[in-house]
Structures are given as structure tokens and as C-alpha cells.
Protein chains: 2
Amino acid sequence: MSRDFDLKRYLPYLLNRSGTRIADSFSVNLRNSYGITLQMWRVMAAVHHQDGQRVGELSGTTSIEISTLSRLLTTMEARGLVERRRPSRQPGADARVVTINLTKDGHSLTEAIIPLALQYEEIALDGLSEQEVATLKHLLDRLFENMAALDEEDAQKLAS
Amino acid sequence: MSRDFDLKRYLPYLLNRSGTRIADSFSVNLRNSYGITLQMWRVMAAVHHQDGQRVGELSGTTSIEISTLSRLLTTMEARGLVERRRPSRQPGADARVVTINLTKDGHSLTEAIIPLALQYEEIALDGLSEQEVATLKHLLDRLFENMAALDEEDAQKLAS
DNA sequence: AGCATTTATTTGCATTTGCAAATAGATTGC
DNA sequence: GCAATCTATTTGCAAATGCAAATAAATGCT
């Protein structure tokens, strides 16, 4: 190990390992208890949060790559969890878009899982004060914003 | 969206999206600039941090599933980045184990990438005070510990 | 209106992943 | 000292992933 790089204090490392541990634990529980994958849960939680998102938006909120997501939606549709809708040609509607909604079953499954999800959050946050939790969430938001800003800069460069 | 579950304040969500954004950006850069994948970087950084880790340990420090890692090591070995060693039968040595070392090339490639890695960390942390950075890293550590504790409890249950 | 361009989603194909089974090698008990 | 058991790593196989190309549907230009 070298002086100039301390892995144990390297943010992406810390972020990745805490994120994957929570995800892995929850993932196993989801599979055993509800027979769904973590990615499916992410889609359901995102659509539950905002119904009728288009596929591209949903890719953004779930962090699932868009082609992967498209296929995942196909299996979720087949399982009766979500619906794809092509907005009918209305004034101002865009029929290139496909919007995603939870089915009735999808909705109740999501509601059933939420308590478990919150339980995992609690476990992860065990022993932190309310203040610390608020700070942590705030800072994670900030990281995301910083990375989004970088992507926009790159987009600028490509456009110029 | 419902009152009892606010996705935008849900820790696993915040953790996942900031983690994947950083990972994705860095990943593209690694591929373009050095022709390696993010997972390869993770292995190199981990072995750089501590040389001669066994495969199982390395799986823990990189958060890469062990069979995936085994195959990744094969391609990295073929590329001359790392070496596998089976410890010779010594008093107290365990020859079931395979230890991983960076080759000379692997080491210098790692050293070459470190500045870029630190740059991404800086971008992510842009605008945060030293105090905030320290707090964030501390709290992320704590999350990891909490999840590790959970895994141990589960292991207990399985044993009982 | 008709053709070229842009945007949204899906699909083809090769690679990566993950679980479970197989292998390789220690260790324990008899 | 050898059979049974345990642990570390690798491999078989099916599923998931990601890039790039293809399709579908708008919009813009003339």
C-alpha cells in the first residue's frame, strides 16, 4: 500500500461496499419472501413513487440501463406487476413514449414490501442520531448532484 | 406516491444512485483511457492496498462475488496484470489457498490510474467541507459495520 | 404534403454474472 | 496412515447485462 492512496478512505470504495452490502442482504430477502429480484423492487418503488413514468425517466430514477430495463419490464409485465401504455394520439401527446404503471397487484405487492424495505434502512442506520441520518442523506444527495453536473459538462463538450 | 414511503429520502436509493453515477462515469473513463473495466480497477486497487490477498479475501474487499472474481482474475492474469500463487507447502501454510499479487505492469498501471481515481473523488465531493467529508466517510463506514453485524446474526441463526 | 432529422424504445449479440455442483487440497478421528 | 469431513477455489450452465444497430414515431424543412 502506498502513501498517496488510502483505499479505506476512498469515497467510491466506501460507497460501493456499503451499497452492495445492503443491496445483497435485501436482495436475498426479496427473493425468498416475495420471489422478486432487487431490480424489480427498484422499478416498483420508482413507479410507486411516481406513476406513469416513461421508460427513459424510469431508467434514470432506478439507475438501470435502459435496454436492460426494457427487458425487465417485459418480464414484469408478463408477471402482471406493471403495464406498458402507449399514449393515444392526443393533442400534444407523444406516442413515441411508453409509460409505465403499476397494476393493482403490482401496487399491493409494493405496499406489502415497503415495511421490509424500511426495516433494512433502519438496520443500516442503527445507532445513528436523527441529525446524522439527515446529514448523511443530504450529503449523498449532494454527491449525486455533483456527478450530474459533471455529466452535463461532458454533454456540453460533446455539443461544442 | 404514498405518505409512508418517500423514495427520495430512502437511504438505499440515495446510496445506489450516487454510487452508480460515480462508478459509471469513472468506468467510461477507465475503458477509454486504459482499456480496463471498473471491476479490474477494483481488484488492482485492493491488491495495491494489500498484496497477496487470497481470492476469498479479495472478494470481500472488492465486493465482487467469488466465482465472478475467479474468472476475472483469469483474464487479468492473461493480460499480465496479476499473478496467482499457490503457497508452497510450508509449515503452517495452506495450499488450498491462492494468493493474488500485482505484476510489475499491474503495479505501475495502478499507480498511473490513482490520480484519475482521486480526481473523480474530488468531483464527487466538490463543495463539501473537510468536516463534511470526514463525517460522510465515517457514516458510510458505520453503515457497512451495521450490515456486517446483520450478516453475523444471520450466520448465528443458521448455526443454531 | 413529403423527405430528412431527431428522439424513444426495443432487439441482436457477445460478455458478465451468480448460483450450485465439481474439484483440489487440508484436517480430523479412528 | 487412511477414510470422512471440511474449506478454498474453479467450472457448468442459465440468466442478466450493455453496447450498438434497428425500429417506431415525432418534428422540421422546403
Side-chain angles (χ1 to χ4, degrees), chain A residues 16 20 23-28 30-32 35-43 52-79 82-100 155 158-159, chain B residues 16 20 23-28 30-32 35-43 52-79 82-100 155 158-159:
Chain A
N16 179 247
T20 59
D24 286 354
S25 290
F26 187 42
S27 184
V28 169
L30 279 177
R31 184 152 48 86
N32 293 340
I36 66 164
T37 66
L38 180 63
Q39 300 288 63
M40 290 179 185
W41 154 253
R42 285 179 174 151
V43 169
Q53 286 181 73
R54 41 169 83 179
V55 178
E57 276 179 301
L58 200 51
S59 168
T61 75
T62 57
S63 306
I64 300 173
E65 200 275 337
I66 196 165
S67 68
T68 303
L69 178 59
S70 176
R71 271 179 279 243
L72 178 57
L73 289 170
T74 303
T75 71
M76 291 179 74
E77 208 175 12
R79 284 226 215 165
V82 298
E83 278 174 2
R84 272 190 246 238
R85 279 183 209 156
R86 185 83 75 167
S88 50
R89 325 171 156 271
Q90 300 271 322
D94 185 341
R96 286 171 303 181
V97 142
V98 171
T99 61
I100 308 299
L158 286 175
Chain B
N16 180 246
T20 60
D24 286 353
S25 291
F26 187 42
S27 183
V28 169
L30 279 178
R31 184 152 48 87
N32 293 339
I36 66 163
T37 65
L38 180 64
Q39 300 287 62
M40 289 178 185
W41 153 254
R42 284 179 174 151
V43 169
Q53 285 181 75
R54 41 170 83 178
V55 177
E57 274 179 302
L58 200 51
S59 168
T61 76
T62 57
S63 305
I64 300 172
E65 199 274 337
I66 196 165
S67 68
T68 304
L69 177 59
S70 175
R71 273 180 278 244
L72 179 57
L73 289 171
T74 303
T75 72
M76 292 180 74
E77 207 176 13
R79 285 226 216 163
V82 298
E83 279 172 2
R84 273 191 244 237
R85 278 184 210 154
R86 186 83 75 165
S88 51
R89 330 172 153 267
Q90 299 271 324
D94 185 340
R96 286 172 304 180
V97 143
V98 172
T99 62
I100 308 299
L158 286 176

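By convention in this document, chain letters (A, B, ...) are assigned in the order of the sequence lines, proteins followed by strands, and residues within each chain are numbered from 1.
Side-chain contact between B:Arg79 and B:Ile36: present, with at least one pair of heavy atoms (C-beta onward) separated by less than 4.5 Å. Between A:Arg31 and A:Thr37, the closest side-chain pair of non-hydrogen atoms is not below 4.5 Å.
Remark: P of C:dT9 and CD of A:Glu77 are 14 Å apart, rounded to the nearest angstrom. Remark: C1' of D:dC19 and CD of A:Glu65 are 7 Å apart, rounded to the nearest angstrom. In this structure, A:Glu57 atom CD and C:dT7 atom P are separated by 16 Å, rounded to whole Å. The nearest whole Å value for the distance from the CG atom in A:Leu69 to the P atom in C:dA8 is 15 Å. Distance A:Arg86 CZ to D:dA24 P: 9 Å, rounded to the nearest Å. In this structure, CZ of B:Arg54 is placed 6 Å from P of D:dT9, rounded to the nearest angstrom. One interatomic measurement links the two molecules: CZ of B:Arg85 to C1' of D:dT9, which rounds to 18 Å at whole-angstrom precision. The interatomic distance linking A:Met40 (CE) with D:dA15 (P) rounds to 12 Å, in whole Å.
Considering only side-chain N and O atoms, B:Ser67 lies nowhere under 4.0 angstrom from the phosphate OP1 or OP2 of D:dT10. Proximity of B:Arg31 to the phosphate of D:dC19: a side-chain N or O atom is located under 4.0 Å from OP1 or OP2. B:Arg84 has no side-chain polar atom (N or O) that falls below the 4.0 Å cut-off from OP1 or OP2 of D:dT9. Listed pair B:Ser70 / D:dT9 fails the phosphate criterion, with no side-chain N or O lying under 4.0 Å from OP1 or OP2.
Each of B:Thr68 and A:Leu73 has a nearest nucleotide on DNA chain C; the 5'-most of these lies closest to A:Leu73. Positionally, the nearest nucleotide of DNA chain C for A:Gly56 lies more toward the 5' end than for the other of A:Gly56 and B:Gln39. For the pair A:Arg96 and A:Ile64, both in contact range of DNA chain D, the more 5′-proximal nearest nucleotide belongs to A:Ile64.
Ranking D:dT9, C:dT9, C:dT17 by closeness to the A:Val97 side chain, first place goes to C:dT9. Distance from the side chain of A:Asp94 is smallest to D:dA26 among C:dC19, C:dT9, D:dA26. With D:dT17, C:dT9, D:dG12 as the choices, the nucleotide that has an atom nearest any side-chain atom of B:Arg71 turns out to be D:dG12.
Contact record, B:Glu83 with B:Glu77: C-OE2, 4.3 Å, taken as the closest heavy-atom pair. Considering every non-hydrogen atom in both B:Leu38 and B:Phe26, the closest pair reads CD1-CD2, 3.9 Å.
Side chain of B:Arg85 to main chain of B:Ile100: no donor-acceptor pair is present (N/O by atom type, distance under 3.5 Å, no hydrogens or angles). Under the 3.5 Å distance criterion, the side-chain polar atoms of A:Thr99 are left unmatched by any main-chain donor or acceptor of A:Arg54.
Where the helix from C:dA1-D:dT30 to C:dC30-D:dG1 starts and where it ends, the local axes point in directions that differ by 10°; five pairs per end, rounded to 10°.
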- Take A:Thr74 and A:Arg84 through the test side-chain contact (heavy atoms from CB on, under 4.5 Å) and record every step on the way to the result. CA-CA 9 Å; A:Thr74 303; A:Arg84 272 190 246 238; 2.4 Å; yes
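Paired with B:Gln53 under the rule side chain to side chain contact (heavy atoms under 4.5 Å, CB included), one option of B:Leu58, B:Val98, B:Val43 passes, and it is B:Leu58.
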